[in-house]
2 protein chains.
Amino acid sequence: MSRVTWSRVSYAATMAGMDDDRSLPLRERKKLRNRRALADAALRLFAERGFDATTLEELAEEAEVSKSTFTRTFEAKEAAGIEAEAELWAAFLATVDAGVPKGPVLDGLHRALADAMAGLDGTWDARFLATRRLAVAEPALLRYVEHHRARVREQLAAGLAARLDLDAEDLRLHVLAELAMTAFSIAGRAWVRGGGAGGRASLLAGLADAIRAVPASLDLAAE
Amino acid sequence: MSRVTWSRVSYAATMAGMDDDRSLPLRERKKLRNRRALADAALRLFAERGFDATTLEELAEEAEVSKSTFTRTFEAKEAAGIEAEAELWAAFLATVDAGVPKGPVLDGLHRALADAMAGLDGTWDARFLATRRLAVAEPALLRYVEHHRARVREQLAAGLAARLDLDAEDLRLHVLAELAMTAFSIAGRAWVRGGGAGGRASLLAGLADAIRAVPASLDLAAE
DNA sequence: GGCGAGAATGACCCTCGGTGTCATTTGATG
DNA sequence: CATCAAATGACACCGAGGGTCATTCTCGCC
């Protein structure tokens, strides 16, 4: 009953980049290292020779593991290329799950996203930028990011419903989840276009702008 | 220069269900019939034996065409299963492209979506319902729908920018595109849960509710 | 009505992502 | 140290999707 599921812990650990945290069991640390090695290899090889031109075998060889280990670690070839993206949203969901600040929910989500980003390890900025650049160039990766975000959106809406004690199908929750993530998405696009200048601080500033654009958009009228 | 690209016409024709419209060249009518036969076969077989358990060969055989024709007609196995969904969004984009009504843009998009839906052929309701039921049961199809909608969202934002003479990167446009489609998505979910009762009229009513939830969501506060 | 050009189709090949199996290795535990 | 569980690697397999090429059909023109 009180059995610890290390697999879950290990993923959270990856998020913080503590893949050699001595507090983790050795077995878990090894799994994390494999995961990180594969994700790094993916970032490198996909950028170098393209997504389609990279086979799973090459990826596995670059990370010095077997193809079997790859397929057990990632649910798809694409997933290895967007680890940084996945880390962000996992941290975000965890933050929201820990509690939504009082006040307008959209502001709370904004705050949670900023907090989550603050907790990511130092290498995240560069890895995220690389991920997003790949996504722009490779349709398959872009598609996968969309898919991943849609799942996060669902979990977010469900988490909010639990937190705020509202019906899980409350339209407002779904709209809010969509809004928060769209705001980030828009900010991210601009940030990447600017080469990621200013690091995550600048990305956060863009996010704040995008959040402000939400109420403004409702006032936009044709003609 | 004035050469007609029939392929585009044929897709629009499929939308209206006029796959035996005598005004179309015979060659195009045949292509449309193949397309429709494959989409229908997909709806049938995917529901019957599951998405994964259906091979392209079986699909092709059911529609009495070759596997080659399938891969030339659809960009993925999933695409055949969500034709009804695709028809809706194609009609929507076409409507928006024809002009956005004056007044608040979100209302204009709401109107455009309603108009687009009104123009779909009579078999659409049932086919759309079947499509959505499949999407709920089959993760692969759900993922594909997300991907498809994301592409529509981009085109919508771009189309709005052109129509309203705004910058293509204007945050408000992206937010609005997201909002309109999310509203439909939420309404659709409820409609499917209710077994599609009331046909498209009832779906439209749900859409109106969802659109109204947008400003309401911004007022939602924690605690 | 017949003819030539071009488009669509079908039969066939191949690559590779993803799954399942099974033996082997390695970390955890008492 | 012995036992057990979990992770790994080697291997075989299926099927989606892409490419090639010969064949068939539609269209525009004579």
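Below, chain A is the first sequence line, B the second, and so on; all start at residue 1. Since the structure is predicted, the reported quantities are computational estimates derived from the model, not experimental observations.
Rounded to an integer number of Å, the gap from CG of A/L32 to P of C/dG27 is 15 Å. Following rounding to the nearest Å, A/E64 (CD) and D/dT8 (C1') show an atom-to-atom distance of 15 Å. Protein atom CG of A/L59 is 11 Å distant from nucleotide atom P of C/dG18, rounded to whole Å. As a whole-Å value, the separation of A/K31 NZ from D/dG9 P is 13 Å. Straight-line distance from the CZ atom of A/R33 to the P atom of D/dT8: 12 Å, rounded to whole Å. C/dG17 atom P lies 12 Å from atom CG of A/L45, rounded to whole Å.
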Inset, instruction - Report, as a single string ordered 5' to 3', how protein heavy atoms within less than 4.0 Å touch nucleotides 13-30 of chain D: B base, S sugar-phosphate only, - not at all. - result: ---SB-------SBS---

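In this structure, A/Q155 has no side chain to side chain donor-acceptor pair (under 3.5 Å) partners at least two apart in sequence or on a different chain. Every residue was checked against the salt bridge (Lys or Arg N to Asp or Glu O under 4.0 Å) condition with A/E48, not counting sequence neighbours, and none meets it. Remark: B/T95 pairs with B/A112, B/D115, B/A116 by the side chain to side chain contact (heavy atoms under 4.5 Å, CB included) rule, at least two apart or across chains.
When the local axes at the two ends of the helix from C/dG1-D/dC30 to C/dG30-D/dC1 are compared, using 5 base pairs at each end, they differ in direction by 30° after rounding to 10°.
Residue B/N34 places at least one side-chain N or O under 4.0 Å from the OP1 or OP2 atom of C/dT9.
Taking the charged nitrogens against the carboxylate oxygens, B/E83 and B/R36 have no contact shorter than 4.0 Å, which rules out a salt bridge.
Proximity of a side-chain donor or acceptor of B/W191 to a complementary backbone N or O of B/G199 within less than 3.5 Å is detected.
Listed by first and then second residue, the ring-ring contact (aromatic ring centres under 6.0 Å, His included) pairs involving residues 39-65 of chain B are B/F46-B/F51 (not counting sequence neighbours).
Inspection of the A/Y144 and A/E138 side chains reveals no N or O donor paired with an N or O acceptor under 3.5 Å.
Taking the six-membered ring for Trp and thresholds of 30 and 60 degrees, A/F70 and A/F74 have ring planes inclined between 30 and 60 degrees apart.
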